[in-house]
Amino acid sequence: MYDVCVIGAGASGVIAGIAAAKRGKKVLILDKNKKICRKIYSTGNGKCNMTNENFSIAANYNSESVDYPLFLDKILGQNPKDSVVKLFKEFGIILYNDNSYYYPKSNQASSVVWALQDQINKLKIDVKTKTSVNNIHKLEDKYEIKCLDNKSYYSRKIIIACGGASYSAIGGCFDGYNIAKNIGHKINTVSPALCGVHTKQNTEEISGVRVKSIAKIRVNENTLPVQFNHLEENGELQITADGLSGIMIFNLSSRMNQLLDKKIPFYLEIDLIPNINFNEYRSLWKLSEDRSIMGFINSLINDKLALYITKILQINPKENLNNLDSKSMLSIYDTLKHLRFDITKLKDLDNGQVCHGGVNIEEINPDTMASIYDNNIYIVGEMLDIDGVCGGYNLTFAFLSGLKAGMNV
């Protein structure tokens, strides 16, 4: 008999188990994968971006729930970064700040996993890997955790930390959602987030182009859901054969997916020359009047993109600038500053770094992470309908939601 059974050995589950064990609880952790914390290895391109210096809940996170900022406030506290830094310092992991992103000194996710494994060993936590949980049954004073190998484990309390459905190759699945649903929880539609998007426009001829730009979601503000407030990103746009990618697109993908799901019309507008205003553009035009249109546009952006712009505007790239009137000059500028892409869909779950949707957070007590349907069952991490942008925000939520459950179980 265990005091606490944690289903899932990802970031939130392991932290929850460690926190509970430190309080003297007898803990069992079950996981379907061969090793613990499998997804942690892929974070920050293997460097493990664990948290961030800058936090703005409304800008950094997303949810179907209108009240998600209040929910997150209670879990993250006033200084989420400090909480994560302090937590891992206790495990022997020192984090350093690199342009507001926090990484372990080793620059290796493996060092974080090893530190967590050492804590598991020190606290004598039982871990069963390659063990898939089928369901849980409530008995008189305990729970039976039934596994696919026909084994059962018994515990007084349960923490469900199965993670989301993204990246099935490294353990993403719907198992946790199904368990939560059987308890009575509403599962908001699960869809990919932090991923690339498909466009109506054919991008094959500009595939491979990378450009520093600003991306804006253009939508009638009167149609926006209440919680929508993060509609612009700047950074490097990456153009693929079937659409758009790059961190700036990842950070807007959850918002775009919500708009698509709600059938709210929108499009994505790209400023290809964010550091050039009209006066600068016009001065360069006058200095380049003896050049071709292609040569002029190529002086501002990549040649593939320059040719793409001329095709959109249906102008001859070999034409001399002297032959164009002021209307054409304005048209080229407007296209460079407001290049339009219509988004048809996002990449699939196996291409999403995290998930949007999941267990409805209105059914979770943020003071303890307990289910409102059973206060002996706790749900944490990516299973919940909370998704953050790139920069350590998702791991921060996983760590601190797991910590809260472990401290209250």
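Every heavy atom of this structure was used, including side-chain atoms; hydrogens, water molecules and symmetry mates were not.
Contact of the Leu324 side chain with the Ile332 side chain is registered, since non-hydrogen atoms from C-beta on lie closer than 4.5 Å.
Nearest heavy-atom pair across Met329 and Tyr281 is O-OH, 2.8 Å. Residues Phe341 and Thr203 approach most closely at CE2-CG2, 3.9 Å, considering heavy atoms. Contact record, Leu231 with Leu252: C-CD2, 3.8 Å, taken as the closest heavy-atom pair. Heavy-atom minimum distance, Pro317 versus Leu307: CG-CD1, 4.0 Å. Between Gly391 and Asn52 the shortest heavy-atom distance is O-ND2, 3.0 Å. For Tyr41 against Cys37, the heavy-atom pair with the smallest separation is CD1-O, 3.5 Å.
Judged purely by distance below 3.5 Å, without hydrogens or angles, the side chains of Asn394 and Gln353 never pair a donor atom with an acceptor atom. At a cut-off of 3.5 Å, with distance as the only test, a side-chain donor of Tyr2 or Asp126 sits close to an acceptor on the other residue. Tyr102 and Glu53 share a side-chain donor-acceptor pair at under 3.5 Å.
Atom OG in Ser283 sits 11.0 Å away from atom CD1 in Ile276 (nearest 0.5 Å). Atom CG of Leu400 sits about 9.0 Å away from atom CD1 of Ile75, to the nearest 0.5 Å.
Residue Ile247 qualifies as open at atom CD1: its count of foreign heavy atoms under 6.0 Å is 12 or below. The local environment of CG in Asn150 is sparse, with at most 12 non-hydrogen atoms from other residues, nucleotides or ligands closer than 6.0 Å.
Not counting sequence neighbours, the partners of Glu236 by the salt bridge (Lys or Arg N to Asp or Glu O under 4.0 Å) test are Arg210. Asn360 is linked by a side-chain contact (heavy atoms from CB on, under 4.5 Å) to Lys186, Asn188, Glu362, Glu363, counting only residues two or more places apart in sequence or in another chain. For Lys337, the side-chain contact (heavy atoms from CB on, under 4.5 Å) partners are Asp271, Ile273, Tyr333, not counting sequence neighbours.
Of the residues listed (Leu336, Ile309, Leu272, Leu305), the one engaging Leu300 in a side-chain contact (heavy atoms from CB on, under 4.5 Å) is Leu336, and it is the only one.
Listed by first then second residue, pairs satisfying salt bridge (charged side-chain N to carboxylate O under 4.0 Å, His left out) with a partner in residues 22-34 read Lys32-Asp175, not counting sequence neighbours. Pairs of residues two or more places apart, or lying in two chains, that qualify as salt bridge (charged side-chain N to carboxylate O under 4.0 Å, His left out) and include a residue from residues 240-253 are Asp242-Lys347. Residue pairs meeting the salt bridge (charged side-chain N to carboxylate O under 4.0 Å, His left out) criterion with at least one partner in residues 140-166, sequence neighbours excluded, are Asp3-Arg156.
Taking the six-membered ring where the residue is Trp, Tyr103 and Tyr96 present tilted rings, their angle falling between 30° and 60°.
Ring centroid separation for the pair Phe71 and Tyr68 does not come in under the 6.0 Å cut-off.
Of the possible donor and acceptor atoms, none in the side chain of Thr344 sits under 3.5 Å from a partner among the backbone N and O of Lys200.
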